Q: 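One structure follows; several queries about it will come next.
Remember, predicted model here, so these are calculated numbers, not experimental data. Lettering of chains follows the sequences in order, A, B, ..., and the numbering in each one begins at 1.
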Amino acid sequence: MTPVLSVRGLTTVLHLADGPVEVVKDVSFEIGEGETVALVGESGSGKSMTMLSVMGLHPQPTAEIVRGEVVLGDVDLVGADERYRRSVRGSAMAMVYQDPMTSLNPLMRIGAQIEEVLTAHGTPRRTAEQRVLEVLADVGIPQPARAARAFPHEFSGGMRQRVVIAMAIALRPALLIADEPTTALDVTIQQQIIALVRRLQAETGTAVMWITHDLGVVARVASRLLVMYAGHLVETGPTRGVFAQPEHPYTAGLIGAIPPVRGAERAPLRQIPGAPPDAAHAPAGCPFHPRCPEAVQRCEQDMPPLTQREVSAAACWVPPSEWVA
Amino acid sequence: MAPILRVEDLVKVYPVRGTGQELRAVAGVSFSLGRGETLGIVGESGCGKSTTGRLLVRLEEPTEGRIELDGEDITRIRGRALREVHRRVQLVFQDPFAALNPRLTVAQTLDEVLRVYDLAGDKAGRRRRVQELLGMVGLRSGFADRYPHQMSGGQCQRVGIARALAVEPQVVVLDEPVSALDVSVQSEVMNLLTRLREELGLSYVFISHDLGMVRHISDRIVVMYLGRVVELGPWRAVSDDPLHPYTRALQEAVPVADPGIEAAREIEPLRGEVPDPADPPAGCVFHPRCPLVEDVCTTVDPELAELLPEHQAACHVAARRLQHPSAVGT
């Protein structure tokens, strides 16, 4: 099966006052048709910069893609001109951000904003008007005709996020990139949005790239996950397999750090000493080594390559069978 | 033994600007905090949990009701007595950066508190105490000279905790103390809080939207919705066998970091959103979203009642089911 998105060797640098630093380091992954893949990472992991690079929305000229390919369908977007990139953004791939107001114009009526996305990609006005009402109904907004005439501030946070999703799916994109779309919402509303995205996905076959720091959300939405740390992809594999048997100590640490919501006995939470580094100021060698309970001398000098293991691919010199923690 | 903190029918009303309406952020809340106990308060935005926290530390004065600290009524005290309450009941904030003065080093921040409350004696005594506090929260002595921007979020939160402990409080109200931190840092701060509670014999009120964290640290859990307590009981009963349909919905809404469980789960999201607190629904405030709603719920606000030993809930349906279990086919 041809993947919807294929990212190969993506490397993005930030041009800082004292020279360029890599913040996305040789990242490769694929997303298949209709698949949901979670990109997991903490602050400074480079997960958002990875997705901005994929969209071609990284802040230029400060950020620059220096190597790699982002193949959507069969076109490498890195090599393509901006006009082509603009034509696929919103149509072939669309983005939903954490804060719905990032995507919404506070001074424009909801309907007009969705219509604009449609007409900008060539939908005739008459058809677009009709489609606006359809997509608003699709995302579960009551009274679509009335909602289309409303302004964003008239809606709650959860309803605004539904509007943004309506806008994103209006052109039936092959890939939806959701960047922490539920992080700002209450859990009961988060649950509604997750259910909505799942339903839309089942109906349309859209692939979803779900960027999150929440492993619970990963477990709920994704069939596969990618774990990033300090700009590197450190583990990638099927969600169930990785949760059952993480092959990277960082992934294992993250999973152990979360207290269960029910059932289990209470035990001290697994600690990862220190704090995640900025991808721009990461330690040499494996960037996780100063926090890693399994680190050996080699980890201080050499970054391990992402290597296929039993259930997942992990970038670690020490196999789980030799772990002490 | 008498509780260290007790609140009764606590109400906080704010005027809504320009409308003449009133917003009851806290609408009649009662609970107590035992010595050495951790009471978790969980709920979503607008449920009144943070306002309750601010009332407990007397950053705000309640509109109605009563707060007792160690048996003494502190509801309306002012001046010197209020300052003493502020020493005995400390608040730790969610955003560790915002809670610290960016122009002060860690040592200056801690020293200031010690001076204000005239603790730890002279300059040398205070310096020793600053080092002791840093040690307590697991920061190397070198952190004394750092400014907030030179520290990570987790380190700033440790300083926030050290500042709260500097005045030797009896009660610490923790308002979302780990929510702003990265996952890998949260567990460290949680373990630190657990250790300090044992070492110093502290009592905590742990306020959070995160049911997993609340379950992890609390002895008893209070669930709030729209300014009210809807459920209160032992941690395991509330988190694993909730009586109130809202608690159940909240628990089911939280995604579990276990794909096996998640895949097997049929997700039926709670319908609707939290109503406008300035215009709460009649009857039970949860009824417009409740999967168990009955006629009575739309007109009569249920009392918080002890339905099982030590376990209270405010729900007509749960109350009837527990009184006449055979009458309901579940």
Q: Around A:Arg146, counting heavy atoms of other residues, nucleotides and ligands shown, do more than 12 lie under 6.0 Å from its CZ?
A: no
Q: Taking all non-hydrogen atoms of both residues into account, name the closest pair between B:Asn191 and A:Leu269 and its distance.
A: ND2-O, 2.7 Å
Q: Which bit of A:Ala222 is near chain B, if near means a heavy-atom gap under 4.5 Å: side chain, backbone, both or neither?
A: neither
Q: Which atoms of B:Asp258 are under 4.5 Å from chain A, going by heavy atoms: the side chain, the backbone, both sets, or neither?
A: backbone
Q: Got a second to check how far B:His209's NE2 is from A:Asp186's CG, nearest 0.5 Å?
A: 8.0 Å
Q: Please look at A:Val218 and chain B and tell me whether the side chain, the backbone, both or neither of the residue comes under 4.5 angstrom of a heavy atom of that chain.
A: neither
Q: State, to 0.1 Å, how close A:Ala219 and B:Pro259 come at their nearest heavy-atom pair, and which atoms those are.
A: CB-N, 3.7 Å
Q: Would you mind checking which part of B:Leu181 comes under 4.5 Å of any heavy atom in chain A, side chain (CB onward), backbone (N, CA, C, O), both or neither?
A: neither
Q: Around atom CD of B:Glu310, are there more than 12 heavy atoms from other residues, nucleotides or ligands closer than 6.0 Å?
A: no
Q: Identify which part of A:Pro273 has an atom lying under 4.5 Å from any heavy atom of chain B, answering side chain, backbone, both or neither.
A: both
Q: Give, as side chain, backbone, both or neither, the part of B:Thr194 having an atom under 4.5 angstrom from any heavy atom of chain A.
A: neither
Q: State, to 0.1 Å, how close A:Ile258 and B:Ala257 come at their nearest heavy-atom pair, and which atoms those are.
A: CD1-CB, 4.1 Å
Q: Considering only heavy atoms, which portion of A:Leu254 lies under 4.5 Å from any heavy atom of chain B: side chain, backbone, both, or neither?
A: both
Q: So, for A:Arg220 and B:Ala253, which heavy atoms are closest and what is the spacing to 0.1 Å?
A: NH1-O, 3.2 Å
Q: Out of B:Gly154, B:Gly260, B:Ala249, B:Ser152, which one racks up the most heavy-atom pairs below 4.5 Å with chain A?
A: B:Gly260
Q: Where do B:Val183 and A:Glu42 come nearest, in terms of heavy atoms and distance?
A: N-OE2, 3.1 Å
Q: Does any heavy atom of chain B fall under 4.5 Å from the side chain of A:Arg291, the backbone, both, or neither of them?
A: side chain
Q: Do you know which of B:Ser45, B:Gly46, B:Ser187, B:Gly138 has the most heavy-atom pairs under 4.5 Å to chain A?
A: B:Ser187
Q: Test side chain to side chain contact (heavy atoms under 4.5 Å, CB included) on B:Arg289 and A:Thr188 and set out the steps.
A: CA-CA 11 Å; B:Arg289 306 181 73 191; A:Thr188 59; 3.2 Å; yes
Q: Answer with side chain, backbone, both or neither: which region of B:His216 has an atom nearer than 4.5 Å to a non-hydrogen atom of chain A?
A: both
Q: Is there a donor-acceptor contact under 3.5 Å from the side chain of A:Arg266 to the main chain of B:Ser218?
A: yes
Q: Heavy-atom pairs under 4.5 Å with chain B - which of A:Pro260, A:Ser223, A:Ala275 has more of them than the others?
A: A:Pro260
Q: Need one label for B:Met213: side chain, backbone, both or neither, based on atoms under 4.5 Å from any heavy atom in chain A.
A: both
Q: Can you list the steps and then say if B:Ser239 with A:Val261 is a side chain to side chain contact (heavy atoms under 4.5 Å, CB included)?
A: CA-CA 7 Å; B:Ser239 76; A:Val261 182; over 6 Å; no
Q: Between B:Glu188 and chain A, with a heavy-atom cut-off of 4.5 Å, which part of the residue counts as in contact: side chain, backbone, both or neither?
A: both
Q: Name the option with the most non-hydrogen atom pairs under 4.5 Å to chain B; the candidates are A:Val242, A:Val187, A:Leu215, A:Leu185.
A: A:Val187
Q: Of all of A:Gly253, A:Pro142, A:Ser156, which one pairs up most often with chain B through heavy atoms under 4.5 Å apart?
A: A:Ser156
Q: Between A:His213 and B:Asp182, is a side chain to side chain contact (heavy atoms under 4.5 Å, CB included) present by the stated rule, with each step listed?
A: CA-CA 8 Å; A:His213 69 281; B:Asp182 274 312; 5.7 Å; no
Q: For B:Leu270, does its backbone N or O pair with a side-chain atom of A:Gln192 as donor and acceptor, under 3.5 Å?
A: yes
Q: Rounded to the nearest 0.5 Å, what separates atom CD in A:Gln271 from atom CE in B:Met190?
A: 11.5 Å
Q: Does a sphere of radius 6.0 Å around CD in A:Glu310 hold more than 12 heavy atoms from other residues, nucleotides or ligands, not counting ones at 6.0 Å or beyond?
A: no
Q: Checking heavy atoms, do the side chain of B:Arg236, its backbone, both or neither come under 4.5 Å from chain A?
A: side chain
